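Note that the coordinates shown come from a computational prediction; the quantities given were computed from them, not determined experimentally. In the text below, chain A, chain B and the rest are named by the order of the sequence lines, each starting its count at 1.
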Amino acid sequence: MTDYKNASTTLDGAVDSSTSSNFIRSKIAQDIKEEKHGGRVHTRFPPEPNGYLHIGHAKSICLNFGVAAENSGLCNLRFDDTNPEKESQEYVDAIKDSISWLGFQWSGDVRYSSNYFEQLYAFALQLIESGKAYVCDLDATEMRDYRGSLTEPGRNSPHRDRSIEENRDLFERMRAGEFADGACSLRAKIDMASPNINMRDPVLYRIRHIEHHQTGSQWCIYPTYDYTHCISDAIEGITHSLCTLEFEGHRPLYDWILNTLDIASLAGASDLAGTEYDYVLPQQTEFAKLKLNYTIVGKRTLKEMVETNVVQGWDDPRMPTLAGLRRRGFTATSIRNFCESVGVARSESIVDLEMLEHAIRDDLDKNSPRAMCVLNPVTVVLMNLPDEHLEILSMANHPKDEEMGCRSVPLTKRVVIDRSDFEEVPPQGFKRLIAGGEVRLRGAYVIKCIDVIKDDAGKIIELHCSVDLDTLGKKPEGRKVKGVIHWVSEDKGIPLSVRLYDRLFNVENPESKDIEDFRECLNADSLVEMTSCIAEPSIVEEGASLNYQFEREGYYCLDEKDSSENKLVFNRTITLRDSW
RNA sequence: UGGGGUGUCGCCAAGUGGUAAGGCACAAGGUUUUGAUCCUUGCAUGCGUUGGUUCGAAUCCAGCCACCCCAGCCA
């Protein structure tokens, strides 16, 4: 039961609260004003546990939980588990985990449509008793044939006019397990000539002799989505049933079922029974799904990518799943901000991935401590320093946020810099190290390259540099040194591996109809592993963070799954913006 | 083709009869010991299209065009 007195949906964490208007917020505001549901707002997020949640679900989650929180309302989590064939407990657990991670708390206990199987059955009997449902023996093929087409009306099933007694008897025997899968079904008696195909006597119950992850072998008949969803909403006292556009044509059926049932019995079965509230039927409102360019959010395909090892699991950091984004280093805040920024509307659109990238950079820039990590090292020998030189430099963890404190960074005679920060033949505008040129080691001294040491194959193995010891914390005299590069002490540095991720697909719309197989457009370089990286020691010292901005490189986070004590693995969440 | 939807800047998106918000992207400057961040500026005489109503239309009306959804005992 719902505690209407003491609970309302709340949100922890800082979310951009500059909410803009959208048609759902407007509608809810209007309904509250008119006291349509006694001023209540009660939504629900109703996933089927047949896969992991992805970024598209995040939009729905943020909408449902968000709109409830904004209006001191409630939001339920309900697993729409009416098709046990595709569902599993693993998905139930993963979904709960992702929602909590995103920062939302559902009202009361987790609900399952299967909680209502007994009530759903009783309501089906009610429909039969009022002559509004019948048991049909047509098989799937015949039913399709009788349904007609987009332009032709359907024909009545030969079983449409069975007596109420016969229907009741047959339906009870369906439940008792007397019939094989598919032998018959319970159908609503509506209108086989309706221009809306969803209204041509839709199936309400089908026979499936199969174990259910929640109800075990208790049932062998399972209610369909259309029949279940509206009644579940009604039972839970949902006021606003928000779903995506493809269910638009189902709304007349949603309404038909609830209006055909006896409202008093619906009210009596609902969470509102015994409360001060008048019973008002829930209302379905549809909005456009979230699509992102360069990514696939179709569950079927995501599942196939996992099963065929295109990726390494549902939480592969390249996946658009919440588990994947999380492992990649996306924060819950960034995803919520992103969802707010894309808005909610009824026009179908494909959001630019850069919107998501902006959201994560924005959050991480503010909240990630800085550190230096050299991905592709080349040795720099600081010639005028003694062999045993060890200097501990103090550097700010964040350039703007003093409260983030400082860290110690050791400087030794031998350091490493990234190979790409030295060029023998620099391109126009190159601001890094060149032979005979100067550059600043970030947070340390200005150095000058005096010698380039190569092996027999011509590969650079060392750069010999001199240090201007008068440049710590101040500008060199009489000249400008524009470049600043990051570096790490060669012997004090921590070795680690880094995984550079890029988009999984190399076309804007991998879900487009003219792409037969997603494998055609996979980006071969979506994962590049760098195994010889060296980072400053602060990343493993006490108080170390799980995520950093590796300066001049990007935002990275520890991969807790693949890291061990003697092997550190970091995932690149996102690069820094690069206008060079 | 029957029914149901949607069309506002490169991408999202506000706007509901009073003369086109905002974000992303992009461009140009400035600051900077991260080619980051930050700051400033620019970026739709135009709202799918053609007509109509009106002093006035993205908003109202009519026609046309384009795209999306529906013919599972999936959700």
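Residue A:Asp578 contributes atom CG, which lies 7 Å from atom C1' of B:G35 at whole-angstrom precision. Rounded to whole Å, the distance from CG on A:Leu576 to P on B:U37 is 7 Å. As a whole-Å value, the separation of A:Asp418 CG from B:U34 C1' is 14 Å. B:A14 atom P lies 7 Å from atom CG of A:Asn22, rounded to whole Å. As rounded to whole Å, 15 Å separates atom P of B:A25 from atom CD of A:Glu508. Look at NE2 on A:His398: it is 15 Å from P on B:A36, rounded to the nearest Å. A straight line from CE of A:Met199 to C1' of B:G4 spans 13 Å, rounded to a whole angstrom. The CZ atom of A:Phe338 sits 17 Å away from the P atom of B:G23 (whole-angstrom rounding).
When the options A:Asp226, A:Thr228, A:Leu186, A:Ile128 are evaluated for a side chain to side chain contact (heavy atoms under 4.5 Å, CB included) with A:Leu204, the one that passes is A:Leu186. A side chain to side chain contact (heavy atoms under 4.5 Å, CB included) with A:Pro49 holds for exactly one of A:Glu87, A:Lys96, A:Glu90, A:Gln89; it is A:Glu87. Of the listed residues (A:Tyr254, A:Phe287, A:Tyr225), just one forms a ring-ring contact (aromatic ring centres under 6.0 Å, His included) with A:Phe247, and that residue is A:Tyr225. Considering A:Tyr91, A:Phe45, A:Trp314 in turn, A:Phe45 is the only one that fulfils the side chain to side chain contact (heavy atoms under 4.5 Å, CB included) rule with A:Leu53. Of the residues listed (A:Arg479, A:Lys482, A:Arg432), the one engaging A:Glu438 in a salt bridge (charged side-chain N to carboxylate O under 4.0 Å, His left out) is A:Arg479, and it is the only one.
Here the side chain of A:Lys431 is nearest to one of B:C12, B:G35, B:G2, namely B:G35. With B:G5, B:U34, B:U37 as the candidates, the nucleotide lying closest to the side chain of A:Arg370 is B:U34. Side-chain atoms of A:Ala345 lie closest to B:A14 of the nucleotides B:U34, B:U1, B:A14. Distance from the side chain of A:Arg442 is smallest to B:U34 among B:C24, B:U37, B:U34.
Syn is the classification of B:G72, since its glycosidic angle stays within 90° of 0.
Seen from the ring of A:Tyr121, A:Arg175 counts as a face-on cation partner, given the 6.0 Å and 45° thresholds. A cation-pi arrangement is not found for A:Arg187 relative to A:Tyr134, the charged atom failing to lie both closer than 6.0 Å to the ring centre and inside a 45° cone about the ring normal. Taking the ring axis of A:Tyr294 as reference, the NZ or CZ atom of A:Arg503 stays within 45° of it and closer than 6.0 Å to the ring centre.
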Inset, instruction - At under 4.0 Å between heavy atoms, which parts of nucleotides 67-75 of chain B does protein reach? Answer with one letter per nucleotide, 5' to 3': B base, S sugar-phosphate only, - none. - result: -SSBBSBBB
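Note on A:Phe430: a base of the nucleic acid sits closer than 4.0 angstrom, heavy atoms only. Among the heavy atoms of the strands lying under 4.0 Å from A:Val344 are primed sugar atoms or P, OP1, OP2 only; no base atom is included. Here A:Arg432 lies in heavy-atom contact (under 4.0 Å) with a base. Heavy atoms of A:Thr141 sit nowhere under 4.0 angstrom from any nucleic acid atom. Nucleic acid contact for A:Ala288: none, since no nucleic acid atom lies under 4.0 Å from a heavy atom of the residue. Within the 4.0 angstrom heavy-atom criterion, only backbone atoms of the sugar-phosphate kind lie near A:Arg346; the bases stay farther away. Within the 4.0 angstrom heavy-atom criterion, base atoms lie near A:Gln549. Across all strands shown, A:Ser579 has heavy atoms under 4.0 Å from sugar-phosphate atoms exclusively, and none from any base. Contacts of A:Lys400 with the nucleic acid, taken as non-hydrogen atoms under 4.0 Å apart, include base atoms.
Ion pairing of A:Asp365 with A:Arg370 is present here, as a side-chain N (NZ or NE/NH1/NH2) and a carboxylate O approach within less than 4.0 Å. Ion pairing between A:Glu340 and A:Arg25 holds under the 4.0 Å rule for side-chain N and carboxylate O.
Using N1 to N3 plus N6-O4 or O6-N4 for Watson-Crick, or N1-O2 and O6-N3 for G-U wobble, each under 3.5 Å, B:C11 pairs with B:G23. With a cut-off of 3.5 Å on both Watson-Crick or G-U wobble distances, the partner of B:U53 is given as none. In this structure B:U6 sits in a base pair with B:A66, meeting the Watson-Crick or G-U test at under 3.5 Å.
Residue side chain A:Arg440 reaches the base of B:U33 through a donor-acceptor N/O pair under 3.5 Å, judged by distance alone. The base of B:U34 has none of its N or O atoms less than 3.5 Å from a complementary donor or acceptor on the side chain of A:Glu553.
When side chains are defined from C-beta on, A:Ile28 counts as touching A:His240, because their heavy atoms get closer than 4.5 Å.
When the P atom is compared between B:A57 and B:A20, the two are found 12 Å apart, to the nearest whole Å. B:C64 and B:G7: their C1' atoms are spaced 14 Å apart (whole Å). B:C24 and B:A13: their C1' atoms are spaced 11 Å apart (whole Å). Atom C1' of B:C9 sits at a distance of 30 Å from the matching atom of B:U31, rounded to the whole Å. Taking atom C1' in both B:A58 and B:G4, the straight-line distance is 24 Å, to the nearest Å. Comparing B:C60 with B:G18, their C1' atoms are spaced 15 Å from each other, to the whole Å. Nucleotides B:G48 and B:U6 are separated by 13 Å at their P atoms, to the nearest Å. Using C1' as the reference atom, B:A44 and B:C39 are 26 Å apart when rounded to the nearest Å.
The shortest distance between the side-chain N/O atoms of A:Arg361 and the OP1/OP2 oxygens of B:A36 is not below 4.0 Å. Distances shorter than 4.0 Å separate none of the side-chain N or O atoms of A:Arg200 from OP1 or OP2 on B:G2.
Mapped onto RNA chain B by nearest heavy atom, A:Gly429 and A:Met355 fall at different nucleotides, with A:Met355 at the one closer to the 5' end. Each of A:His358 and A:Gly473 was matched to the nucleotide of RNA chain B holding its nearest heavy atom; the match closer to the 5' end belongs to A:His358.
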